[in-house]
Amino acid sequence: MSAETTATAPAAATTPTPGLAPAEIRTDIPQFLPVAGHHEPAPFWLTSDMFGGVPVQVAGGPVDHLVGKPVADPHRHDVDEIYFLVSPNPGGARIEIRVDGVRHELASPALLRVPAGAEHCFLTLEAEPGSYCFGLLIEERP
């Protein structure tokens with residue numbers, strides 16, 4: 001294919017598949033919401049009230065500008081939280097997470113689960129450009 005031509009995707013279906021709900025798109029993200037213990041409202045990319053109610057919320061973002069700067073005081077959530085640390089290169093980001101007074105150091109890529117009710121906070125120790133840390137708040141469903 002030459003530089004002047006571009007590939008096009010097939011046209012999207014105009015009607016949903018019978019019996020299935022139509023696809024939903026949200027562009028009102030991130031939503032900056034207050035979180036107990038956090039110094040500033042956190043950017044949420046997915047909230048539990050989106051898409052008719054989902055059992056997970058996703059907050060966070062780039063951390064390369066946060067090295068040595070705590071974003072929250074020690075705090076608790078009434079749901080589990082999973083920290084998700086990624087960077088362009090393995091080991092390109094490191095964070096310290098304290099959970100109930102125990103220090104854990106993560107190097108990307110990594111996940112860490114904070115149980116519901118546990119006191120926790122994190123600090124970015126090192127982060128190359130393109131490094132992100134997300135908190136996935138997992139809600140229990142009845």
Side-chain angles (χ1 to χ4, degrees), residues 1 3 5-142:
M1 185 180 313
T5 60
T6 57
T8 57
T14 56
T15 58
T17 303
L20 297 179
E24 296 178 56
I25 298 171
R26 297 289 297 250
T27 59
D28 57 338
I29 55 175
Q31 294 181 5
F32 290 86
L33 303 173
V35 178
H38 285 243
H39 303 155
E40 301 287 334
F44 277 80
W45 301 94
L46 178 65
T47 64
S48 59
D49 63 340
M50 292 179 176
F51 304 113
V54 292
V56 64
Q57 298 189 83
V58 178
V63 293
D64 56 310
H65 66 289
L66 297 174
V67 174
K69 301 175 188 172
V71 298
D73 295 324
H75 60 283
R76 302 172 191 274
H77 302 289
D78 56 4
V79 297
D80 285 0
E81 181 173 14
I82 297 173
Y83 280 94
F84 177 32
L85 180 66
V86 293
S87 62
N89 298 295
R94 289 185 313 113
I95 62 173
E96 171 187 289
I97 303 175
R98 292 193 178 270
V99 180
D100 284 336
V102 178
R103 181 183 183 275
H104 304 274
E105 188 172 317
L106 303 181
S108 59
L111 298 166
L112 179 137
R113 179 182 155 266
V114 177
E119 184 179 77
H120 63 283
C121 61
F122 89 92
L123 178 67
T124 302
L125 302 174
E126 176 184 349
E128 66 184 344
S131 297
Y132 292 82
C133 186
F134 294 99
L136 289 74
L137 298 163
I138 311 298
E139 299 175 5
E140 291 194 29
R141 299 299 266 190

Practice prompt. Look only at the side chain of Trp45 and the backbone of Ile29, and say whether a donor-acceptor pair between them is shorter than 3.5 Å.
Written response: no

Discussion item. I need the full list of side chain to side chain donor-acceptor pair (under 3.5 Å) pairs touching residues 110-122, with sequence neighbours left out, sorted by first then second residue.
Written reply: His75-His120, His77-His120, Asp80-Arg113, Glu81-His120

Practice prompt. Taking all heavy atoms of Pro129 and all of Asp64, pick out the closest pair and write down the distance.
Written response: CA-OD2, 3.8 Å

Worksheet item: If every non-hydrogen atom of Pro43 is compared with every non-hydrogen atom of Pro30, which pair is closest and at what distance?
Response: CB-CB, 3.8 Å

Worksheet item: Is the closest side-chain heavy-atom distance between Leu137 and Phe44 below 4.5 Å?
Response: yes

Discussion item. Any heavy-atom pair between the side chains of Arg26 and Phe51 that's under 4.5 Å?
Written reply: yes

Worksheet entry | Heavy-atom closest pair, residues Val63 and Cys133 | CG1-CB, 3.7 Å

Worksheet item: Side chains of Arg76 and Asp100: does their closest heavy-atom pair fall under 4.5 Å?
Response: yes

Discussion item. For Glu40, I'd like to know if atom CD has over 12 heavy atoms of other residues, nucleotides or ligands within 6.0 Å.
Written reply: no

Worksheet item: What closest approach, in Å, do Glu105 and Arg103 show between heavy atoms, and which atom pair accounts for it?
Response: OE1-NH2, 2.8 Å

Worksheet entry | Residue pairs passing the side chain to side chain donor-acceptor pair (under 3.5 Å) test where at least one lies in residues 123-134, sequence neighbours excluded | Asn89-Glu128, Arg94-Glu126

Item to complete: Walk me through it: do Leu136 and Val58 pass the test side-chain contact (heavy atoms from CB on, under 4.5 Å)?
Response: CA-CA 5 Å; Leu136 289 74; Val58 178; 4.2 Å; yes

Worksheet, complete the sentence: Nearest heavy-atom contact between Pro88 and Gly130 is CD-O, 3.4 Å

Practice prompt. Please list, chain by chain and in numerical order, all residues satisfying side-chain contact (heavy atoms from CB on, under 4.5 Å) with Leu106, sequence neighbours excluded.
Written response: Leu85, Ile95, Ile97, Ala110, Leu112

Worksheet entry | Aromatic plane relationship, Tyr83 with Phe122 - under 30° parallel, 30 to 60° tilted, over 60° perpendicular | perpendicular

Fill in: Nearest heavy-atom neighbours spanning Val35 and Ala42
CG2-CB, 3.9 Å

